[in-house]
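First comes the structure, then the notes that go with it.
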Amino acid sequence: MEVTLRIKRYNPEIDDKPVFREYTVEAEKTDRVLDALNKVKWHEDGTLTYRRSCAHGICGSDAMRINGRNRLACKVLMGEVGDRVTIEPLLGFSVIKDLVVDMDSFFAGYKSIKPYLITHDEDPAAERRQSPEDRDRFEDTTKCILCASCTTSCPITWTNKEFVGPAAIVNAHRFIFDSRDQGGRERLRILNQRSGVWRCRTVFNCTDACPRDIEVTKAIEEVKRALLTETY
Amino acid sequence: MDAKLPDVTDFARTYLGVEPKKEPVPIQPTAHYAMGGLPTDPRWALIADANGTVIPGLYAAGESACVSVHGANRLGTNSLVDLIVFGRRGGRSMLEFVHKASLPDMPENPDLFAREQIAEVLARPKGENPADIRSRLQEVMMDKVSVVRNADGMSEALAEVKDLREAYARASVQDKGEVFNTDLTEALELGYMIDLAEAIVVGALAREESRGAHYRTDFEKRDDANWLAHSVITRRGDELELTKKPVTITTFEPKERVY
């Protein structure tokens, strides 16, 4: 099928403001949107700029707005989006070029919740063991690929630059509810601040946006509840 | 099935429209891990030659490194060793190194080599399309240098890679800008891919035996007398020189895979 991609372009070296440009390419219904972008870049306009790496929904590089929704370009097939597709950069972050946004604040939020195992006891001689039931408590939040689809779909993050955002809370959840980790209290203290979980208004955009089907809002609510009940 | 193979079931549903609990999932071979790479010692320090001479302060990590724990075939999930064992060891040895090392004298213009390389690519007049060269490289490596190989196919591949290197010298980019120029980075990476492809073909052509993921239809048996060895490739001008580095056998003897 012949498809028209309407892509929001911005080159800071040339453009005063972003402009939409249209490209027409041949695509199969089973092609990914990323394949169509690659066709444009490799055979029509090499200046078209976007991030991509693994091309199958694992690395989280190619999150963008496709027909108004945050999607991974490599996880949406052309058959799902029709023959006229609008592609824009993620909202809420400044645009570096075309579909590439500045992710510094996103990763600063992620780092702020200490996304690594914290222990105070002496290292054991063998593995730190865990029951399947204990593992299940945070199974869902291990699936995060840090693509920023959730954080940039959240209306709070569009206006409040302090808010750590859903992705950071998801990754805090992954450790707070891990029976092997001893940093839960530290992380909860961080998320109890003005920039933390209480900024969430339960809009559910994050859950809709997640390409890994993580129940993001539920994870945020579990962190809020852990703060209120002091149990986790 | 969803719990044990979450990614595989998701791929089948997303990309093929196949429900893996009910229908067979089509499969095909792919290159999903680079065995071999920059030779390192067990602390991820780069070694320069078959004698194991360490290059002080230079490290290679993960899939670009070759600590050589996998032998001739890295089996599923074993790249976690790169992460869990060697990531930790490598990190520790780098920390140790930076604590005791002093800053070396810098050459006059340390960035000159990279700047000239970039400037040269940007200045080329409109020529070959890097994407077309990359497609040809991918096709010939998949067709002639995949798991099942032989001298005829690989000799053709080597000739094609040399042609592609010539074409690459005339390849140009459309994006001449200085901000997030992925047209440029993709073109530069293509040059390194050609280097690597040539090293892979030269190593595989010389190794006249079958071992692990390297299966030669013209030499179907393993040949420990001649090839129980790592292949080390060194560039000398325009030529690649192949030397053998002995394999240290500890607990596990190489054995034929009979299943």
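It should be emphasised that the depicted structure is a prediction, and the values quoted were computed from it without experimental measurement. What's counted below: heavy atoms across the whole structure, side chains too, no hydrogens, waters or symmetry copies. Chain naming here is simple, since letters A, B, ... match the order of the sequence lines and numbering starts at 1 in each.
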Report task. Give, as side chain, backbone, both or neither, the part of B:V173 having an atom under 4.5 angstrom from any heavy atom of chain A. Result ->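 For B:V173, neither part sits under 4.5 Å from chain A.
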
Query - Proximity breakdown for B:F180 and chain A, heavy-atom pairs closer than 4.5 Å - result: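 The answer is both parts of B:F180.
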
Report task. Evaluate whether atom CD1 of B:I27 has more than 12 neighbouring non-hydrogen atoms of other residues, nucleotides or ligands under 6.0 angstrom away. Result ->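 Not buried by this count: 12 neighbours or fewer within 6.0 Å.
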
What donor-acceptor contacts under 3.5 Å connect chain A and chain B, backbone and side chains included?
residue : atom : partner : partner atom : Å
A:E13   : OE1  : B:E178  : N            : 3.1
A:E13   : OE2  : B:E178  : N            : 3.0
A:K41   : NZ   : B:T182  : OG1          : 3.0
A:W42   : O    : B:N129  : ND2          : 2.8
A:W42   : NE1  : B:E186  : OE1          : 3.0
A:G46   : N    : B:Q174  : OE1          : 3.0
A:R52   : NH2  : B:E186  : OE2          : 2.8
A:C74   : O    : B:Y15   : OH           : 2.6
A:K75   : NZ   : B:D10   : OD2          : 2.7
A:K97   : NZ   : B:D175  : OD2          : 2.7
A:K97   : NZ   : B:V179  : O            : 2.8
A:R212  : NH1  : B:D7    : OD1          : 3.4

Query raised in the report: Given a strict heavy-atom distance threshold of 4.5 Å, which part of A:L48 is in contact with chain B: side chain, backbone, both, or neither?
Result: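 The backbone, not the side chain.
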
Requested in this report: Below 4.5 Å from any heavy atom of chain B, which atoms of A:I96 appear? Answer side chain, backbone, both or neither.
Outcome: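 For A:I96, heavy atoms of backbone and side chain both lie under 4.5 Å from chain B.
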
